[in-house]
Student: 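The structure's right below; bear with me while I get my questions together.
Proteins get letters first, then strands, A, B, ... in listed order; numbering begins at 1 in each.
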Number of protein chains: 2
Amino acid sequence: MLSITEENYLKAIFKIAERDQSPVNTNAVAASMQTTAASVTDMIKRLSEKELLDYEKYKGVLLTEKGRKLATNLIRRHRLWEVFLTEKLGFSWDEVHEIAEELEHINSDQLIDRMDTFLGYPRFDPHGDPIPDADGYWTRRPQVLLGTLLPGQLGVVTGVDDHTSAFLQYLNQLGLGLGENIEVINRVLYDNSMIIKLKDGKSIAVSDKVVQHLFVKISA
Amino acid sequence: MLSITEENYLKAIFKIAERDQSPVNTNAVAASMQTTAASVTDMIKRLSEKELLDYEKYKGVLLTEKGRKLATNLIRRHRLWEVFLTEKLGFSWDEVHEIAEELEHINSDQLIDRMDTFLGYPRFDPHGDPIPDADGYWTRRPQVLLGTLLPGQLGVVTGVDDHTSAFLQYLNQLGLGLGENIEVINRVLYDNSMIIKLKDGKSIAVSDKVVQHLFVKISA
DNA sequence: TTTTATTTTTAGATTAGTCTAAATTTTGTT
DNA sequence: AACAAAATTTAGACTAATCTAAAAATAAAA
Ligand SMILES: [Mn+2]
Ligand SMILES: [Mn+2]
Ligand SMILES: [Mn+2]
Ligand SMILES: [Mn+2]
């Protein structure tokens with residue numbers, strides 16, 4: 001049985017290993033957990049003791065298979081809860097993360113299985129992130145950052161690279177939700193912004209920031 | 001912001017105050033929380049410091065209005081989650097308590113409001129216990145223990161006085177779920193058991209234990 | 001290859017929550 | 001009223017998780 005704190009560390013380490021490289025270094029974990037390097041070293045020892053991490057002093061950590069399974073299971077729970085909150089309770093995608101951050105620690109496999117069934121076995125969460133299966137695996141969806149599209153190309157919004165509610169709310173305002181069809185009109189070289197056309201026919205300008213953080217699947 | 005431990009103490013104290021009398025004494029809390037009297041004294045001081053309890057050394061504790069609101073809100077959350085687990089996820093009434101015990105600590109009023117709406121504003125949980133409103137109030141339902149009924153009287157099962165899964169599973173086996181219509185055939189004086197008739201016409205014998213822990217509403 | 005900067009670990013303290021054992025207060029009984 | 005029993009509180013110690021400051025190891029730069 002893990003404490004909520006231990007679970008959070010494990011999840012953070014998994015995500016850093018995915019984003020950066022393995023082994024994961026102490027400072028990266030400290031930054032992600034908003035704590036000190038000293039605390040991280042402490043916790044790393046505890047998690048290694050429980051055989052969730054492979055740890056060698058000064059060399060960083062790798063997740064063991066046991067650690068990986070626990071971490072992906074947390075992500076599975078988190079994302080399923082996010083689907084529940086949006087699909088069933090009517091929350092908006094910018095409101096669910098914090099609540100799911102708590103709900104993911106509810107420890108019941110039966111609960112998650114039944115929730116998965118109740119939701120109809122969703123493959124992606126409200127932010128377009130994949131939901132791991134019970135073994136902790138998922139298949140990557142072909143998607144690229146909006147910024148890589150050329151004028152004339154068509155695409156569908158499939159995800160975000162920035163999960164802050166500020167960004168998500170801004171996308172709401174722009175009408176750029178998941179599944180939205182877009183067409184690139186042109187790229188403004190001056191500030192790297194873009195003019196895109198939405199399905200309602202309206203053209204909008206999206207800043208460099210948006211272009212760098214919105215995933216789309218190229219459809220033509 | 002309260003810790004999960006603090007919330008659990010508060011809930012325990014509320015329930016003891018309801019069951020026994022106020023003020024609540026230290027040993028009762030220790031028994032309920034399965035901890036020592038010393039730990040309870042410690043926690044009582046902390047909760048008094050936060051003005052959730054009125055505490056006088058050696059005299060036991062009373063909940064303040066603030067404490068009562070928090071305690072009943074926990075009970076509200078617990079029971080709404082139990083409804084969700086049974087109604088939406090298909091859990092049986094003997095499986096939900098432990099999970100709700102964790103879920104009740106998820107701290108989001110918005111979540112509970114939306115859940116309440118999603119469930120259609122239920123007034124009772126799967127065990128027949130009333131769900132407090134947002135201010136922590138509910139109206140008592142007219143119900144009596146099965147044991148008080150006389151031969152010939154009709155009733156509807158409305159609740160249980162024993163929430164152990166052993167008891168609930170035994171009731172499943174007997175076909176005595178919530179809402180079940182029954183008729184008292186006769187009382188066996190020898191062992192205080194009872195013969196009752198169910199709506200399917202079958203008569204069954206129920207032991208003294210059942211008779212003392214099953215609530216029914218008299219319907220005729 | 002020294003020297004410097006960065007990263008990581010250790011040492012020592014702190015807080016929440018817990019425990020056992022001992023002291024104190026209250027309650028019940030002669 | 002005096003004594004015994006029960007309930008409660010205090011004292012002191014322990015673990016998990018955290019922090020700051022200092023020491024040690026590694027990496028980068030001169
Ligand atoms: Mn999230
Ligand atoms: Mn998400
Ligand atoms: Mn319950
Ligand atoms: Mn219940």
Side-chain angles (χ1 to χ4, degrees), chain A residues 1-14 16-17 19-63 67 70-71 74 101-102 104-105 107, chain B residues 1-14 16-17 19-63 67 70-71 74 101-102 104-105 107:
Chain A
M1 192 76 286
L2 296 187
S3 72
I4 290 175
T5 310
E6 288 172 319
E7 289 190 337
N8 283 333
Y9 269 96
L10 215 53
K11 195 170 53 129
I13 290 167
F14 178 87
I16 295 164
R19 169 169 55 85
D20 306 353
Q21 76 305 338
S22 263
V24 171
N25 44 295
T26 306
N27 269 350
V29 180
S32 157
M33 293 291 294
Q34 308 202 81
T35 183
T36 62
S39 302
V40 174
T41 302
D42 242 33
M43 180 55 80
I44 282 175
K45 285 178 182 165
R46 236 172 311 198
L47 294 175
S48 306
E49 199 54 50
K50 298 192 177 185
E51 306 199 310
L52 303 171
L53 298 177
D54 280 331
Y55 170 54
E56 218 183 322
K57 264 191 191 176
Y58 293 101
K59 302 291 178 183
V61 291
L62 301 170
L63 283 153
L70 283 168
L74 279 164
E101 208 59 32
E102 293 192 45
E104 71 189 11
H105 300 290
N107 208 345
Chain B
M1 191 78 288
L2 294 188
S3 71
I4 291 176
T5 310
E6 288 172 320
E7 289 190 337
N8 283 334
Y9 269 96
L10 215 53
K11 194 169 55 128
I13 290 166
F14 177 87
I16 295 163
R19 170 170 54 87
D20 306 353
Q21 76 303 337
S22 263
V24 171
N25 44 295
T26 306
N27 270 350
V29 179
S32 157
M33 293 292 292
Q34 307 202 80
T35 184
T36 61
S39 302
V40 173
T41 302
D42 242 33
M43 180 55 80
I44 281 175
K45 284 177 183 168
R46 237 174 310 207
L47 294 175
S48 306
E49 200 53 50
K50 298 191 177 185
E51 306 198 313
L52 304 171
L53 299 178
D54 280 330
Y55 170 55
E56 219 183 323
K57 265 191 192 178
Y58 293 101
K59 303 289 179 185
V61 292
L62 301 170
L63 283 153
L70 283 168
L74 279 165
E101 208 57 32
E102 294 191 44
E104 72 189 10
H105 300 290
N107 207 346

Student: For the residue pair A/Glu102 and B/Asn107, what are the closest heavy atoms and their distance?
Tutor: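 Between these two residues, the closest heavy atoms are OE1-N, 3.2 Å.
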Student: Indicate, with a heavy-atom threshold strictly under 4.0 Å, whether A/Asn25 touches base, sugar-phosphate, or nothing.
Tutor: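 Sugar-phosphate only.
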Student: Which atoms form the tightest heavy-atom contact between A/Leu62 and A/Ser22, and what is the distance?
Tutor: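 Scanning both residues completely, I find the closest heavy atoms to be CD2-CB, 3.5 Å.
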Student: Using a cut-off of 4.0 Å on non-hydrogen atoms, how would the nucleic acid contact of B/Thr26 be classed: base, sugar-phosphate, or nothing?
Tutor: sugar-phosphate
Student: Tell me if the CD atom of A/Glu51 is crowded by more than 12 foreign heavy atoms within 6.0 Å.
Tutor: no
Student: Between B/Leu10 and B/Leu63, what is the shortest heavy-atom contact and its length?
Tutor: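 So the two residues come closest at CD1-CD2, 3.9 Å.
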Student: Take the protein atom NZ of B/Lys57 and the nucleotide atom C1' of D/dA7, then report the distance between them rounded to whole Å.
Tutor: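 Computing the B/Lys57:NZ to D/dA7:C1' distance gives 15 Å.
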Student: In this structure, how many angstroms lie between the C1' atom of C/dT8 and the CD1 atom of A/Ile44, rounded?
Tutor: 9 Å
Student: Rounded to the nearest Å, what distance is computed from the CD atom of residue A/Glu56 to the P atom of nucleotide C/dT8?
Tutor: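 A/Glu56 atom CD is separated from C/dT8 atom P by 14 Å.
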Student: Roughly, in whole Å, what's the span from CD in B/Glu7 to C1' in C/dA16?
Tutor: 15 Å
Student: OP1 or OP2 of C/dT7 sitting under 4.0 Å from any side-chain N/O of A/Lys59?
Tutor: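 No, outside the criterion.
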Student: Between A/Asn27 and C/dT8, is there a contact of a side-chain N or O with OP1 or OP2 at under 4.0 Å?
Tutor: yes
Student: Check step by step if side chain to side chain contact (heavy atoms under 4.5 Å, CB included) holds for B/Val24 and B/Phe14.
Tutor: CA-CA 9 Å; B/Val24 171; B/Phe14 177 87; over 6 Å; no
Student: OH of B/Tyr58 versus P of D/dT9: gap in Å, rounded?
Tutor: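 Taking atom P of D/dT9 as the reference, OH of B/Tyr58 is at 7 Å.
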Student: Quick check on C/dT18: is either OP1 or OP2 less than 4.0 Å from any side-chain nitrogen or oxygen of B/Tyr9?
Tutor: yes
Student: Measure from the side-chain heavy atoms of B/Glu6 and tell me the nearest of C/dG17, D/dA21, D/dT18.
Tutor: C/dG17
Student: Output the rounded distance in Å from NZ (A/Lys50) to P (D/dT15).
Tutor: 14 Å
Student: Any side-chain N or O of B/Tyr55 under 4.0 Å from OP1/OP2 of D/dT9?
Tutor: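 So the side-chain polar atoms of B/Tyr55 do come within 4.0 Å of the phosphate oxygens OP1 or OP2 of D/dT9, strictly under.
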Student: Distance check: side-chain N/O of B/Arg46 vs OP1/OP2 of C/dA16, anything under 4.0 Å?
Tutor: no
Student: Answer yes or no: does a side-chain N or O of B/Thr36 lie under 4.0 Å from OP1 or OP2 of C/dT18?
Tutor: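 For C/dT18, neither OP1 nor OP2 has a side-chain N or O of B/Thr36 closer than 4.0 Å.
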Student: Would you kindly compare A/Ala37 and B/Asp42 by the position of their nearest DNA chain D nucleotide and give the one closer to the 5′ end?
Tutor: B/Asp42
Student: Nearest whole angstrom, please: distance from the P of C/dG17 to the NZ of B/Lys45.
Tutor: 15 Å
Student: Please check the phosphate of C/dC19 (OP1 and OP2 only) for any side-chain N or O of B/Thr35 closer than 4.0 Å.
Tutor: yes
Student: Please work out if A/Ser39 contacts a base, only the sugar-phosphate, or nothing of the nucleic acid, heavy-atom cut-off 4.0 Å.
Tutor: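 The answer is base, as A/Ser39 lies within the cut-off (heavy atoms under 4.0 Å) of a base atom.
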Student: Between B/Met43 (CE) and C/dA16 (C1'), how many Å, whole number?
Tutor: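 So the two atoms are 8 Å apart, to the nearest Å.
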